[in-house]
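Before any comments, here is the structure.
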Amino acid sequence: MKKYDLLIIGGGCAGIAAAIAAYGSGISKIALVERSDILGGILNQCIHSGFGLERYGKELTGPEFAKSLLCEFRKISADLYTETTVLDLTKDTAVISGKHGYEKLRFDAVILACGCRETPIGALPVTGTRPAGIFTAGQAQSMINLKKMDIGDDVVILGSGDVGLIVARRLKILGKNVIAVLEKSDHCGGLERNRVNCLDAYDIPLKLNTTVTEVCGTGRISGVYAKDLTTGECSYIPCKTLITSVGLVPERDLLESFGNNALPKNVFLCGNCRTVFDTADSAASDGAETGRLAAEFLKTGIRTYSSHPEKSARPLKENETLCLECPRGCILSVKNGRKSGGRCKKFT
Amino acid sequence: MKKYDVIIIGGGILGCFAARNLAKYDLKAAVLEANNDVCTGISRGNTSIIYPGYDTKPGTLKTKLCVRGCLEFENLCRELDVRFEKRGSIMVAFGERSEGVLRKKLAQGVENRVPDLKLLSKEEVLTLCPDITDKVTMGLYCGNTGTVLPWELGIAAFENAQKNGVEFVFNEKVVSIRKGENYIIETERNTYSARGIVNCAGLRADEVREMLFEPHVRIVPTKGDYFVFDTGVSLRGNHIIFCEPEAKGKGLTLVPTVTGNLLAGPAEIPSEGKYDTGTTQEGIDFLLRNLKEKFPTLDTAHIIRSFSTLRPNPYYVNKNNDNSYVLNERSISNFTVTRDEEGFLSFIGIKTPGLTCCDGLGKLAADAMAEFLGAEINHNFDPVRKKTVRTDGLPFEERAELVQNSPAYGKIVCRCRGISEGEIIDAVRAGAKTLDGVKRRTEATSGRCQGSFCTERIMEIIANELCIPVSEVLKDSIGSKVLEGLL
């Protein structure tokens with residue numbers, strides 16, 4: 001069984017940055033596991049610019065940012081497992097499956113940098129049928145930009161998350177009819193800069209206080225019922241494509257084996273897997289800091305927590321534990337010595 | 001014109017089991033299925049329960065087949081290499097009226113000779129199922145109730161029937177039937193002749209029968225909405241729970257399925273027709289309200305999917321003076337098996353516990369046809385079907401060796417369910433042609449991300465295996481292309 005000082009799960013911007021930083025802090029036996037055939041994660045499908053300002057001082061596209069990180073990564077010594085998925089994790093062993101084999105890796109410390117997954121339409125209170133033509137925003141972005149797939153025309157976008165706004169612009173540039181972005185709250189969910197640059201600049205209407213209540217269509221989607229939440233009125237919008245951009249959930253399935261107990265000290269979370277960041281730059285910077293902290297832990301046994309974002313800045317005290325489920329990674333107090341925490345109020 | 005001894009119309013679970021049972025005889029048989037895969041209609045969505053047989057009246061065909069079907073189910077699933085979990089069930093009451101229902105069911109069950117059946121006190125219910133509200137007053141336990149994935153079972157029967165010589169023709173919607181020396185069946189594309197017909201057309205079984213005969217029974221569907229919870233959400237005790245409401249009305253059933261997902265439903269509501277498969281606000285609200293009331297600790301934030309199914313309710317029809325037909329007020333509670341001619345058998349409105357009885361009904365059809373046609377036993381029939389490789393659950397060394405020999409079993413495509421590329425390729429080679437076909441055979445895309453990461457990869461695998469452009473890949477039925485083309 002191979003043995004590493006540090007195992008990093010996920011080769012997106014946070015994972016790569018963590019590997020580089022850990023190596024820079026003196027850790028030499030590092031393994032990076034990535035399920036795709038290339039490194040870079042979601043950056044590869046983000047062909048728009050606006051990346052890398054924090055790390056490289058200039059504005060790059062997603063793939064350029066990934067390439068720059070990759071150039072740095074190539075200079076360090078680390079074992080890279082691509083097309084490999086971690087299927088099971090304990091405090092010192094990972095079971096991996098990939099084209100090169102199914103095996104166990106041992107480690108002293110592990111960093112989870114698995115990113116997020118998108119909330120699918122099934123989890124929303126939307127009734128009606130489930131025809132073809134419904135995509136999540138990130139899925140649509142990957143299909144369009146990486147696979148050159150034409151996902152369809154006459155698009156309604158449900159939810160105004162950043163990816164949804166960027167995909168709306170992308171579709172408009174491709175000549176598609178983007179009917180509207182519907183947002184159930186009274187403000188745009190994405191960054192102000194994305195609202196201005198993606199919607200306003202391309203005349204894509206943003207309908208606030210509006211949501212989709214029902215999907216219609218048998219083979220392919222034929223329309224949706226949209227409800228104005230202030231007046232309660234419902235209207236039918238014919239469409240051939242529905243994209244959902246309603247929320248990201250940190251991908252922490254691997255932590256399930258730890259149950260409701262506090263995470264072992266040698267298990268680190270970073271990037272969007274720890275908390276949903278607004279930008280890839282922040283996720284990368286959180287990855288770098290976590291890489292340094294993991295190195296420090298390996299050398300000294302002292303465990304501190306990344307300061308990104310400010311909200312969960314402070315290190316955990318002896319009687320505290322991290323929420324395993326909520327996107328914010330809330331700090332919970334452990335009562336009467338029982339490690340029953342693990343999940344914050346929202347998830348119990 | 002293609003000639004057969006027997007043609008089965010409809011490739012749902014019933015058609016598949018009629019086919020498998022017909023293969024036990026020396027007969028040339030074919031299944032004509034209107035859709036592009038088996039088990040895409042009623043069989044794809046139901047409560048997935050194998051009932052022990054205390055729900056139905058003593059002496060009926062339903063009861064006979066159900067009690068026997070349940071007892072033989074484990075063997076059937078072993079033969080077909082299909083997952084079956086004998087979970088045991090508790091029917092729970094919340095007051096005097098529903099307690100009465102439980103007592104009646106107990107008496108009925110005893111008369112039907114259902115084994116392992118007993119009443120439970122409130123305390124006993126709460127011990128076996130601590131997640132139910134303490135408003136529960138009584139329970140009816142049955143150890144034999146089980147659960148199976150209906151499409152997994154149907155697909156297994158299809159594969160086994162096909163292996164034993166039954167032909168399956170897809171995208172063959174029957175449009176007319178006439179009677180000459182044999183039955184002449186016209187589909188949208190071809191003409192078939194058969195000496196016998198088994199009508200398993202599900203929701204359209206009444207229409208198929210009426211292609212040749214006067215109306216007698218018609219189907220009026222009702223809809224049932226369901227929730228699927230993420231894996232990790234479970235009921236302590238892992239029993240199937242039937243809630244018998246105290247006020248007269250609809251109940252609620254919770255099933256810990258074989259995939260580890262908790263299924264909740266159905267919310268029964270009238271349907272707008274045979275193609276109305278959308279969920280409704282009314283249904284969703286009913287489920288949410290009832291879950292909160294009966295299972296206060298279940299977190300509905302972990303619901304990953306809702307779906308709706310259609311139930312075929314059969315009604316006798318009467319002819320008016322003006323030659324129009326009216327339905328009887330009450331639907332038929334027994335299975336409706338009509339044999340208008342010796343060679344024409346129809347299953348109309350086979351609903352709960354149709355899944356439990358699928359093999360029994362299939363055998364009934366096959367035996368009737370074999371007797372009518374004077375068929376001999378097929379001594380080459382092989383009842384055993386092996387499922388394709390499933391990496392999850394293999395012992396470590398075995399899996400390592402498998403991946404070493406075939407790297408495709410190492411590459412994980414569906415991350416939520418841990419399904420490898422090799423398993424998806426196997427599914428396509430075994431007959432899956434669409435995303436939902438792959439999903440029904442492997443569970444890929446049915447996890448918590450609902451396919452947002454792996455759909456494009458699965459589309460590429462399907463396209464590659466079927467030698468079609470990726471832009472032609474369907475989600476499900478004809479007309480459900482995922483893409484409009486390539487950019």
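Here is how names work: the chains are called A, B, and so on, in the same order as the sequence lines, proteins then strands, and each is numbered from 1.
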What part of Glu421(B) gets closer than 4.5 Å to chain A, counting heavy atoms only: side chain, backbone, both or neither? neither
For Ile412(B), which atoms come within 4.5 Å of any heavy atom of chain A: side chain, backbone, both, or neither? both
Heavy-atom proximity to chain B below 4.5 Å, by part of Lys240(A): side chain
Checked Lys411(B), Gln450(B), Gln281(B), Arg305(B) vs chain A; the most non-hydrogen pairs under 4.5 Å come from Lys411(B)
Please state whether the side chain, the backbone, both or neither of Arg35(A) comes within less than 4.5 Å of a heavy atom of chain B. side chain
Structural part of Ser308(B) lying under 4.5 Å from a heavy atom of chain A: neither
Rounded at 0.5 Å granularity, tell me how far CD1 in Ile462(B) sits from CD1 in Ile468(B). 7.5 Å
Okay, Phe396(B) and chain A: the region with an atom under 4.5 Å from a heavy atom over there is both
Between the side chains of Asn177(A) and Asp154(A), does any donor sit under 3.5 Å from an acceptor? yes
Under a plain distance cut-off of 3.5 Å, with no hydrogens placed, do Ser477(B) and Asn35(B) share a side-chain donor-acceptor pair? yes
Counting heavy-atom pairs under 4.5 Å with chain B, which one of Glu214(A), Lys104(A), Glu118(A), His100(A) comes out on top? Lys104(A)
Under 4.5 Å from any heavy atom of chain B, what part of Val95(A) do you find: side chain, backbone, both or neither? side chain
Relative to chain A, which segment of Val470(B) carries a heavy atom at a distance below 4.5 Å: side chain, backbone, both, or neither? side chain
Answer yes if the side chains of Glu484(B) and Ser471(B) hold a donor-acceptor pair under 3.5 Å, and no otherwise. no
Let me know if Ile144(A) has heavy atoms under 4.5 Å from chain B in its side chain, its backbone, both or neither. both
Considering residues, nucleotides and ligands other than Lys184(A), do more than 12 of their heavy atoms fall under 6.0 Å from its NZ? no
Greatest number of heavy atom pairs closer than 4.5 Å to chain A - which of Gly278(B), Cys416(B), Gly283(B), Ala408(B): Gly278(B)
Per-residue contact mode, Arg448(B) against chain A (heavy atom under 4.5 angstrom): both
Give, as side chain, backbone, both or neither, the part of Ser142(A) having an atom under 4.5 angstrom from any heavy atom of chain B. both
With respect to chain A, which residue among Glu460(B), Glu456(B), Glu401(B) yields the maximal number of heavy-atom pairs within a distance under 4.5 Å? Glu456(B)
Contacting moiety of Leu87(A), where chain B heavy atoms sit under 4.5 Å: side chain
If you count heavy-atom pairs under 4.5 Å between each of Thr297(B), Ile304(B), Ile303(B) and chain A, which one has the most? Ile304(B)
Would you find a donor on one side and an acceptor on the other, under 3.5 Å apart, between the side chain of Lys433(B) and the backbone of Asn36(B)? yes
Is the closest side-chain donor-acceptor distance between Thr388(B) and Arg390(B) under 3.5 Å? no
Basic-acidic side-chain contact under 4.0 Å: Glu207(B), Lys274(B): yes
Rounded distance (nearest 0.5 Å) linking atom CG of Asp436(B) with atom CG of Leu474(B): 10.0 Å
Say whether Arg417(B) and Ser446(B), considering side chains only, have a donor N or O and an acceptor N or O under 3.5 Å apart. yes
Quick check on the interface: out of Ser420(B), Ala400(B), Ser306(B), who has the most heavy-atom pairs with chain A under 4.5 Å? Ala400(B)
Are the side chains of Met1(A) and Thr93(A) in contact, using a 4.5 Å heavy-atom criterion? yes
